[in-house]
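Working notes, beginning with the structure itself.
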Amino acid sequence: MKVELWGTRGSIPSPGPETIRYGGNTSCVGVTLSDGSLLALDAGTGIRSLGLALAAEPARLHILLTHLHLDHIQGLVFFAPAFRAQTEIVIWGPASPEASLRDRIARYISAPLSPVEVRELPCEVSFRHCPETEWEIGSARIRAASVAHRGPTLGYRIDDGDSSLAYIPDHEPALGADLDALDEDWISGFALARDASLLIHDGQYADAEYPEHIGWGHSSLSHSLSFARRTGAESTVLFHHDPLHSDAFLDGLQEEAKRRWEEMGGSPAAIELGAERASYELPARAPSAAAAAS
Amino acid sequence: MTQRPLELILARNLMSALSTPAFLVDEGGVLVFYNEAAGILLGKRFEELGTVGPDEWGSMFGPFDESGEPIPYDDLPLVVAVRNGRPAHADFEIRSTDGMRHTVEASAFPILTAHGSQGAIAVFWPTSSNGNGAGH
């Protein structure tokens, strides 16, 4: 399983000279399964670059949306494969009692916010609510579960052979809870991330910033580290960077994360901040060895 | 390990921060949590008791009706809420481990999600207490 980060930013795209290295595109992770099947985790603005990078036109691909906040769907109408008639795209996402997944996404892909409507997309597109039980895509077993964020939000676990990826980019598991004291089954997202080869997890705030953002649906560094430690993930990539965080700030946050991870008994090589275009081969490479792949 | 539904996790987190006694059962009626305020009322912290099956918790602390008779399990607000998927309210008396009797009003409501019922919450409002534990 190959994992590529195409957008690591949260909330809103933040391009500019101060975000060159970690990137300014919003959430999107490309996953190539061992059988060649393609998945896109979220469709933030990073999915535009993913679409352009697909050398061969895929006949079929799956987009797994964690939720429908704009920073996770904004790139959908700029995803090149969606404008090819020969492409089949299956979009998975959370169910809502209020409206179908298609209708909720169509609020964005429609006038006046979009020049095209869902029905006008040339590709063959379908929308599916994620089931409660595990399902298969290509060589992988996929599991989705609701996690603590604002509005219906999912995290995903993808098991492909011996490799496993947990993707929980928007997550506040410590809201009203002590992650170090709770039993495992009472921790939001725990079962998704348990012993994962790679955990991609919300790391939006420095500890000093969190008190001003309690209940916004994101984690502080301390919470991310506690969650990663409790779940036993082999490697962790902190993700969904705050748009106000410059490369220099994130360098400092990464340094702190590695230092504290080591103090917690882990290897500093097993944790890092996600950088746009970084890629990981699972389980062959640790994050630090793979981060410079692109 | 079975992951608790997110709705139960969030309910527990909220209840942990409340000073109102509150109880949480899962979809099977198992008592999976009560908060510190409820622990004071019952005379036993949840951490001391742990999860309790539906056949057991209904009789551990009463409840009793106004004539001192045990209230049938099926009539308890939490049971009505989790089984029937609708709110329920009742006045009754419970007995804590130290013999204190407390008259309470209890309101329970189901936790309904896109995937159906995940359990129920009950909040208790003590209206009076009596130290004579020999009444029942």
Side-chain angles (χ1 to χ4, degrees), chain A residues 66-67 93-101 104 128-134 143-157 166 168 170-179 181-196 214-215 217 223 227 230-232, chain B residues 1-39 44-54 57 81-82 85-87 109-121 123:
Chain A
T66 54
H67 61 308
S96 164
E98 184 244 338
S100 70
L101 181 63
R104 282 176 286 143
R128 299 183 191 178
H129 295 149
C130 289
E132 287 185 89
T133 54
E134 192 173 85
R143 202 181 336 153
S146 295
V147 296
H149 187 55
R150 287 197 160 192
T153 303
L154 300 173
Y156 288 99
R157 184 185 178 98
I168 317 177
D170 293 53
H171 195 205
E172 191 177 10
L175 180 62
D178 180 355
L179 288 181
L182 280 176
D183 288 340
E184 295 171 348
D185 56 337
W186 284 101
I187 297 176
S188 166
F190 187 92
L192 294 174
R194 185 176 195 175
D195 299 328
I214 292 172
H223 299 154
F227 184 81
R230 290 296 305 271
T231 59
Chain B
M1 183 199 71
T2 302
Q3 179 82 58
R4 304 286 182 181
L6 177 68
E7 295 80 5
L8 287 192
I9 292 174
L10 295 177
R12 175 177 174 153
N13 292 354
L14 171 63
M15 290 163 56
S16 298
L18 297 180
S19 298
T20 307
F23 297 75
L24 180 66
V25 298
D26 67 13
E27 61 181 324
V30 175
L31 180 66
V32 292
F33 182 69
Y34 57 78
N35 63 9
E36 286 187 6
K44 181 173 279 193
R45 296 166 54 243
F46 176 75
E47 290 73 16
E48 300 174 77
L49 186 66
T51 57
V52 181
W57 66 259
V82 77
R86 64 174 177 81
F109 58 91
I111 300 173
L112 300 178
T113 73
H115 302 299
S117 174
Q118 300 288 8
I121 294 174
V123 291

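Below, each value reflects all heavy atoms present in this structure, side chains not excepted, and no hydrogens, waters or symmetry copies. Chain identifiers are assigned alphabetically (A, B, ...) following the order of the sequence lines, protein sequences preceding nucleic acid strands; residue numbering begins at 1 within each chain.
- The distance from the CG atom of B/N35 to the OG1 atom of B/T20 is 8.0 Å, given to the nearest 0.5 Å.
- B/L8 touches chain A through backbone and side chain together, each having a heavy atom under 4.5 Å away.
- Counting heavy-atom pairs under 4.5 Å between each of A/P173, A/A95, A/A148, A/P152 and chain B puts A/A148 at the top.
- When heavy atoms are compared at a cutoff of 4.5 Å, B/L10 approaches chain A solely by way of its side chain, counted from C-beta outward.
- Ring-plane geometry between A/H149 and A/H67 is classed as perpendicular, the angle between the planes exceeding 60 degrees on a 0 to 90 degree scale with a lower cut at 30.
- At a 4.5 Å heavy-atom cutoff, the contact between A/L182 and chain B is made by side-chain atoms alone.
- Taking the six-membered ring where tryptophan is involved, the planes of A/W186 and B/F33 are tilted, since the angle between them lies from 30° to 60°.
- Checked options B/V25, B/L14, B/L24; the residue passing with B/I121 is B/L24 (criterion: side chain to side chain contact (heavy atoms under 4.5 Å, CB included)).
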